[in-house]
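For reference, positions follow the sequence shown, starting with 1.
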Amino acid sequence: MRGLIDCLEFRMKKHILFVDDDPLLLEFYTAMMEKQDGGWESVSAENGPQALEILAATKFDVVVSDMRMPGMNGIEFMREVRRLHPQISRIIISGLGDQEEIARGLETTHQFLTKPIRSSELFSTLSRIGKLDAYLLDEKLKSVIGRLSSLPSFPSIYLQITQELNREDPSIEAIADIAIQDPGLTAKMLQVANSAAFGLAHHVSSPFDAVQFIGLNAVRSIALSAHVFSDFEQVEIKKFSAGRVWTDALRCARITRQIMRIEKIDESETEDACTAAMLRNMGMLMLAKNLPEQFSQILTLAERENITLLEAGQKILGANHAGVAAYLFGLWGLATPMVEAVAFHLQPAESETRTFSPLAAVHIAHGLAAELWPNKNAGKPMELDHDYLTAIGVDRQLDRWRAEVEKLFARGM
């Protein structure tokens with residue numbers, strides 16, 4: 001019996017690999033993990049190649065790597081981890097002077113922590129990742145995902161754009177040339193650039209001009225969203241419009257960007273938030289195409305009982321559209337803040353995050369959009385979680401944000 005208990009305890013533990021060329025830091029990490037409640041089993045490696053050998057032999061949940069290491073640096077190592085073990089959560093620890101290089105390696109890593117690392121910060125991050133993993137591994141959600149016969153593949157054009165953005169001097173011409181390869185993406189870029197959202201005085205007709213107006217990083221968000229949308233834009237269900245989902249995605253991303261700018265949040269985190277805002281309702285399209293009868297039932301139930309689509313989804317399927325979308329983006333290996341914002345934007349208190357983050361920004365943007373552009377066919381609109389916003393210290397900002405959003409959209413869209 002003791003052996004069985006030991007085996008079960010081992011299987012219940014999560015496994016974390018620390019990679020650093022400084023043996024004293026590895027000892028510090030090991031001691032730090034040993035002080036916890038036994039929920040983590042830690043292993044150490046002194047360099048990237050050694051760590052990859054360990055990963056090939058043992059299953060891990062999280063890898064934490066230093067940025068500056070001889071031979072293979074942290075971003076190069078994480079790029080290999082992402083390629084070989086995409087299911088593993090990836091955290092890089094870096095100095096403040098590494099931020100520019102880290103920004104060019106966003107696609108390789110889920111989370112960044114700055115030196116000197118504090119145990120409270122590390123465990124807060126691990127808890128956040130654990131909460132999201134538990135949500136995405138819910139058996140009812142996995143059962144719904146298993147019934148979906150058509151899921152979009154990860155867009156290769158997104159990686160091409162990301163690789164160009166990672167260069168020291170990314171080129172507008174190169175980004176435009178990549179976009180031209182995908183007519184759907186080109187059309188979406190031109191639509192965004194010509195919309196009232198950007199207040200342009202003249203018509204934009206070329207991808208090059210579109211990239212100039214919307215910004216290099218915004219192209220990456222649009223590429224990801226347009227790819228997902230293109231798989232489902234022909235969906236036809238009574239009282240449901242795929243086109244409305246796209247318009248709403250653009251609107252919510254624009255509100256999110258405005259909120260992040262008001263709060264003076266850095267560009268990389270702002271783009272995470274805007275991408276999540278554009279992707280947050282893509283689960284509706286996935287359900288509408290793959291499970292049209294059940295999705296129609298969800299719409300009918302929400303309207304008839306005046307409940308939210310989230311509540312109706314839980315009643316009909318035992319899962320909701322936010323979880324469906326987040327599950328896909330988790331499989332794709334998108335950054336934890338993005339996946340978290342998609343998963344919990346309707347119920348932020350279910351997350352472990354208690355600071356202003358992409359999750360908070362998307363939640364607020366979604367709520368404000370629901371207030372200003374209500375969809376009468378979508379049941380009860382989601383209400384902002386004022387308790388959560390108070391807990392993270394931003395509830396008093398709502399009136400200011402609402403006024404700024406109303407001014408932003410005074411010209412239409």
>> Set out, in order, the CA-CA distance, both residues' side-chain angles and the distance that settles salt bridge (Lys or Arg N to Asp or Glu O under 4.0 Å) for K188 and D182, then state yes or no.
In response: CA-CA 10 Å; K188 295 300 183 188; D182 186 328; over 6 Å; no
>> Show, in sequence, the C-alpha distance, side-chain angles and deciding distance for I16 and V63, and conclude whether the side chain to side chain contact (heavy atoms under 4.5 Å, CB included) test is met.
In response: CA-CA 6 Å; I16 184 169; V63 173; over 6 Å; no
> Passes side chain to side chain contact (heavy atoms under 4.5 Å, CB included), F213 versus M189? Steps please.
Replying inline: CA-CA 10 Å; F213 282 118; M189 283 170 46; over 6 Å; no
>> I'd like to know whether L55 forms a side chain to side chain contact (heavy atoms under 4.5 Å, CB included) with F60, so could you lay out the CA-CA distance, the side-chain angles of the two residues, the decisive distance to 0.1 Å, and finally the verdict.
In response: CA-CA 7 Å; L55 290 172; F60 283 85; 3.6 Å; yes
> After noting the C-alpha distance and the side-chain angles of K131 and E340, does the key distance pass the salt bridge (Lys or Arg N to Asp or Glu O under 4.0 Å) rule?
Replying inline: CA-CA 9 Å; K131 183 75 171 182; E340 180 184 58; over 6 Å; no
>> Applying side-chain hydrogen bond (donor to acceptor under 3.5 Å, both in side chains) to D209 and S206, what does each step give before you reach the verdict?
In response: CA-CA 5 Å; D209 288 342; S206 77; 3.3 Å; yes
> Please walk me through it: do S119 and F123 pass side chain to side chain contact (heavy atoms under 4.5 Å, CB included)?
Replying inline: CA-CA 6 Å; S119 59; F123 287 111; 4.2 Å; yes
> Are E76 and R79 close enough, and set up right, to give a salt bridge (Lys or Arg N to Asp or Glu O under 4.0 Å), and what steps lead you there?
Replying inline: CA-CA 5 Å; E76 293 168 340; R79 196 166 283 140; over 6 Å; no
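A pairwise comparison of heavy atoms in A361 and M260 identifies CB-SD, 3.6 Å as the closest pair. What you find for H363 and L384 is that their closest heavy atoms are O-CD2, 3.5 Å. Residue R68 comes nearest to D66 through the heavy atom pair O-OD2, 2.8 Å, listed as atom of the first residue, atom of the second, then distance. Considering every non-hydrogen atom in both D385 and P348, the closest pair reads CB-CG, 4.1 Å. Of all non-hydrogen atoms in A341 and A276, the two that sit nearest each other are CB-CB, 3.6 Å. Heavy-atom minimum distance, N290 versus S149: OD1-N, 3.1 Å.
Summarising the geometry, atom CZ belonging to R257 is positioned 12.0 Å from atom SG belonging to C252; distances are rounded to the nearest 0.5 Å. To the nearest 0.5 Å, the span separating CE on M67 from CG on N73 amounts to 5.0 Å. Between R220 atom CZ and T162 atom OG1 the span is 4.5 Å, to the nearest 0.5 Å. For the atom pair CG of L309 and CD1 of I298, the computed distance is 8.0 Å after rounding to the nearest 0.5 Å. The CG atom of L346 sits 6.5 Å away from the CE atom of M382 when rounded to the nearest 0.5 Å. Atom CD1 of I259 is separated from atom CD of Q397 by 10.0 Å, given to the nearest 0.5 angstrom.
Figure legend: cation-pi geometry between R254 and F409, with NZ or CZ positioned under 6.0 Å from the six-membered ring centre and within 45° of its axis.
Side-chain atoms of K289 never come within 3.5 Å of backbone atoms of L148 as a donor-acceptor pair (strictly under, hydrogens ignored). Between the side chain of D61 and the backbone N or O of H15, at least one donor-acceptor pair lies under 3.5 Å. Judged purely by atom type and a 3.5 angstrom limit, S225 has no side-chain atom pairing as donor or acceptor with the backbone of I222. Of the possible donor and acceptor atoms, none in the side chain of T353 sits under 3.5 Å from a partner among the backbone N and O of T355. Without hydrogens or angle criteria, R354 side chain to S351 main chain gives a donor-acceptor distance under 3.5 Å.
Under the 4.5 Å side-chain criterion, counting only non-hydrogen atoms from C-beta, I91 is in contact with V62. At least one side-chain heavy atom of M282 sits less than 4.5 Å from a side-chain heavy atom of F329. For the pair F208 and E173, the minimum side-chain heavy-atom distance is below 4.5 Å. The closest side-chain heavy-atom distance from E305 to K315 is below 4.5 Å. V342 has its side chain out of reach of V362: every pair of non-hydrogen atoms, C-beta onward, lies at least 4.5 Å apart. Between V339 and Y327 the shortest side-chain heavy-atom distance does not fall below 4.5 Å. Side-chain contact between F77 and L52: present, with at least one pair of heavy atoms (C-beta onward) separated by less than 4.5 Å. Using a 4.5 Å heavy-atom threshold, the side chains of T58 and V43 count as separate.
A perpendicular orientation is assigned to the rings of F295 and F240, their planes being inclined by more than 60° (bins at 30° and 60°).
For E371, the CD atom is densely surrounded, since the number of other residues' heavy atoms within 6.0 Å is greater than 12. No more than 12 heavy atoms of other residues, nucleotides or ligands shown are found within 6.0 angstrom of CD on E236.
Ring centroids of H366 and H345 are separated by less than 6.0 Å, placing the two rings close together.
Between E311 and K380, no side-chain nitrogen of the basic residue sits less than 4.0 Å from a carboxylate oxygen of the acidic one, so the salt-bridge criterion is not met. Ionic pairing of E139 and K142 is present here: one or more N-O contacts between side-chain nitrogen and carboxylate oxygen are shorter than 4.0 angstrom. A salt bridge links E303 with K239: at least one charged nitrogen is closer than 4.0 Å to a carboxylate oxygen.
Side-chain N/O atoms of T300 and Q297 include no donor and acceptor closer than 3.5 Å. Side-chain N/O atoms of W401 and E263 include a donor and acceptor closer than 3.5 Å. T390 and D387 share no donor-acceptor pair across their side chains, judged by distance under 3.5 Å alone. Under 3.5 Å, the side chains of N320 and Q314 contain a donor-acceptor pair of N or O atoms.
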